[in-house]
Participant: 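One structure, as structure tokens, below. Some questions next.
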2 protein chains.
Amino acid sequence: MTERTHLPASGIAEKLARGDVFSEACPSRQILQHITSRWGVLVLVALSGGTHRFAELRRKVSGVSEKMLAQTLRALETDGLVDRTAFPVVPPHVEYSLTPLGREAAIRVEALVDWIEDNLDDLQAARAEAEPAAVL
Amino acid sequence: MTERTHLPASGIAEKLARGDVFSEACPSRQILQHITSRWGVLVLVALSGGTHRFAELRRKVSGVSEKMLAQTLRALETDGLVDRTAFPVVPPHVEYSLTPLGREAAIRVEALVDWIEDNLDDLQAARAEAEPAAVL
DNA sequence: GTTCATACTTACCTTTTTGTAGGTACTTTC
DNA sequence: GAAAGTACCTACAAAAAGGTAAGTATGAAC
């Protein structure tokens with residue numbers, strides 16, 4: 001009954017510990033949610049195209065508000081995926097980029113996004129058909 | 001100023017149309033959100049392990065309520081990613097599986113999830129460090 | 001004939017997320 | 001000296017997501 005989530009028992013186990021998103025209590029769930037959040041995905045993809053300033057990101061990720069962009073960036077920074085570099089000048093100049101860990105994550109996220117973009121037509125066609133189903 | 005989102009102009013363009021998640025109006029945004037939704041990710045990964053019944057999914061995806069599981073499955077079915085097969089028996093018997101399109105999507109989602117699970121320790125370590133940063 | 005089981009749906013309520021509008025600090029431009 | 005520009009933060013309000021508990025249908029088991 002006792003499910004292992006991410007509780008290293010001792011010694012070697014600590015180094016081999018692996019997350020399990022199916023477990024509610026596993027911290028991987030939270031990281032997954034940050035990465036797959038509405039704006040998190042788009043920010044990661046945008047940053048995988050290179051360093052961006054705050055205002056640049058806002059323009060690129062159409063529809064995001066300042067508040068949500070700031071919040072998303074902070075979450076990704078806290079997870080160690082995004083690097084924030086502030087230059088002490090006026091007006092303020094801040095650059096955002098991916099950390100090595102962030103680049104790894106972004107590769108996977110981009111693969112998904114690219115697939116969706118490439119298969120949009122199929123996806124939309126499937127949606128049109130899928131509606132009047134239900135055998136029972 | 002006029003950004004192309006997913007508005008096929010004519011002829012060949014229709015076949016070459018490609019989504020752009022950075023555009024607010026592009027329908028790829030919605031599909032992306034279904035796939036990367038809190039429970040959508042987990043359902044796709046679960047189903048990539050094979051056909052499941054409703055109750056099986058509920059048990060596997062710990063923490064999901066009946067309502068959300070049903071809602072998530074319906075959204076994925078509508079997008080043409082999940083296939084629902086209902087057998088007209090009593091008590092009801094319904095099987096969920098991935099469509100070919102769903103399998104493609106699930107591969108990408110799983111890649112991300114696996115990466116997170118594999119690198120949980122690094123991610124958590126990075127989080128611990130990333131807090132007292134800020135150069136300015 | 002009451003209970004049980006499955007796969008849901010629905011109503012109602014709470015929590016979380018997101019948006020809006022305004023403010024801040026400081027310097028350069030007009 | 002008023003306005004503009006950057007990168008935010010904060011309070012408030014609205015919208016969306018999520019949870020809980022109950023109900024539905026049907027036939028088989030008791």
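Naming: A, B, ... by sequence-line order, numbering from 1 per chain.
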Participant: How many whole angstroms separate atom CG of Leu73(B) from atom P of dC8(C)?
Facilitator: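 Between P of dC8(C) and CG of Leu73(B): 8 Å.
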
Participant: Any pair with a residue in residues 49-65 of chain A that passes salt bridge (Lys or Arg N to Asp or Glu O under 4.0 Å), sequence neighbours left out, goes on the list, sorted by first then second residue, please.
Facilitator: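 Pairs touching residues 49-65 of chain A that pass the test: Arg58(A)-Glu66(A).
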
Participant: Can you tell me the distance, in whole Å, between the CD atom of Gln33(A) and the C1' atom of dA17(D)?
Facilitator: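 My rounded result for the distance is 11 Å.
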
Participant: Applying side chain to side chain donor-acceptor pair (under 3.5 Å), can you list everything that pairs with Glu104(B), at least two apart in sequence or on another chain?
Facilitator: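 Checked Glu104(B) against side chain to side chain donor-acceptor pair (under 3.5 Å); matches are Trp115(A).
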
Participant: Does Arg74(B) put a side-chain nitrogen or oxygen below 4.0 Å from OP1 or OP2 of dT9(C)?
Facilitator: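 Answer is yes, contact under 4.0 Å.
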
Participant: Can Arg74(A) and Asp79(A) be counted as an ion pair, charged N to O under 4.0 angstrom?
Facilitator: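 The answer is no: the pair does not qualify as a salt bridge.
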
Participant: Rounded to whole angstroms, how far apart are CD on Gln30(A) and P on dT16(C)?
Facilitator: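 Gln30(A) atom CD is separated from dT16(C) atom P by 12 Å.
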
Participant: Using whole Å, report how far CZ of Arg29(A) lies from P of dG18(D).
Facilitator: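 So the two atoms are 12 Å apart, to the nearest Å.
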
Participant: For Arg53(B) and dT6(C), is the shortest distance between a side-chain N/O and OP1 or OP2 below 4.0 Å?
Facilitator: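 False: Arg53(B) side-chain N/O out of range (4.0 Å or more) of dT6(C) OP1/OP2.
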
Participant: Is there a donor-acceptor contact under 3.5 Å from the side chain of Ser23(B) to the main chain of Cys26(B)?
Facilitator: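 Here the side-chain-to-backbone pair does not exist.
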
Participant: Provide, to the nearest angstrom, the distance between the OH atom belonging to Tyr96(A) and the C1' atom belonging to dC8(D).
Facilitator: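 Taking OH of Tyr96(A) and C1' of dC8(D), I get 8 Å after rounding.
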
Participant: Is a side-chain donor or acceptor of Thr99(A) paired with a backbone partner of Gly80(A) at a separation under 3.5 angstrom?
Facilitator: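 Answer holds: yes.
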
Participant: Can you tell me how far P of dT9(C) sits from CZ of Phe54(B), to the nearest Å?
Facilitator: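 The answer, rounded to whole Å, is 8 Å.
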
Participant: Rounded to the nearest Å, what distance is computed from the NE2 atom of residue His93(B) to the P atom of nucleotide dC4(C)?
Facilitator: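 Checked: the NE2 to P distance equals 23 Å.
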
Participant: Take nucleotides 18-30 of chain C nucleotide by nucleotide from the 5' end and write B, S or -, depending on whether a protein heavy atom sits under 4.0 Å from the base, only from the sugar-phosphate, or from neither.
Facilitator: BBB-----BS---

Participant: What is the separation between atom CD on Glu95(A) and atom C1' on dC8(D), rounded to the nearest whole Å?
Facilitator: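 After rounding, the reported distance stands at 16 Å.
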
Participant: Judged by atom type as modelled, is there a donor-acceptor pair below 3.5 Å linking the side chain of Ser28(B) to the main-chain atoms of Glu117(A)?
Facilitator: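 Judged by distance alone, no pair lies under 3.5 Å.
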
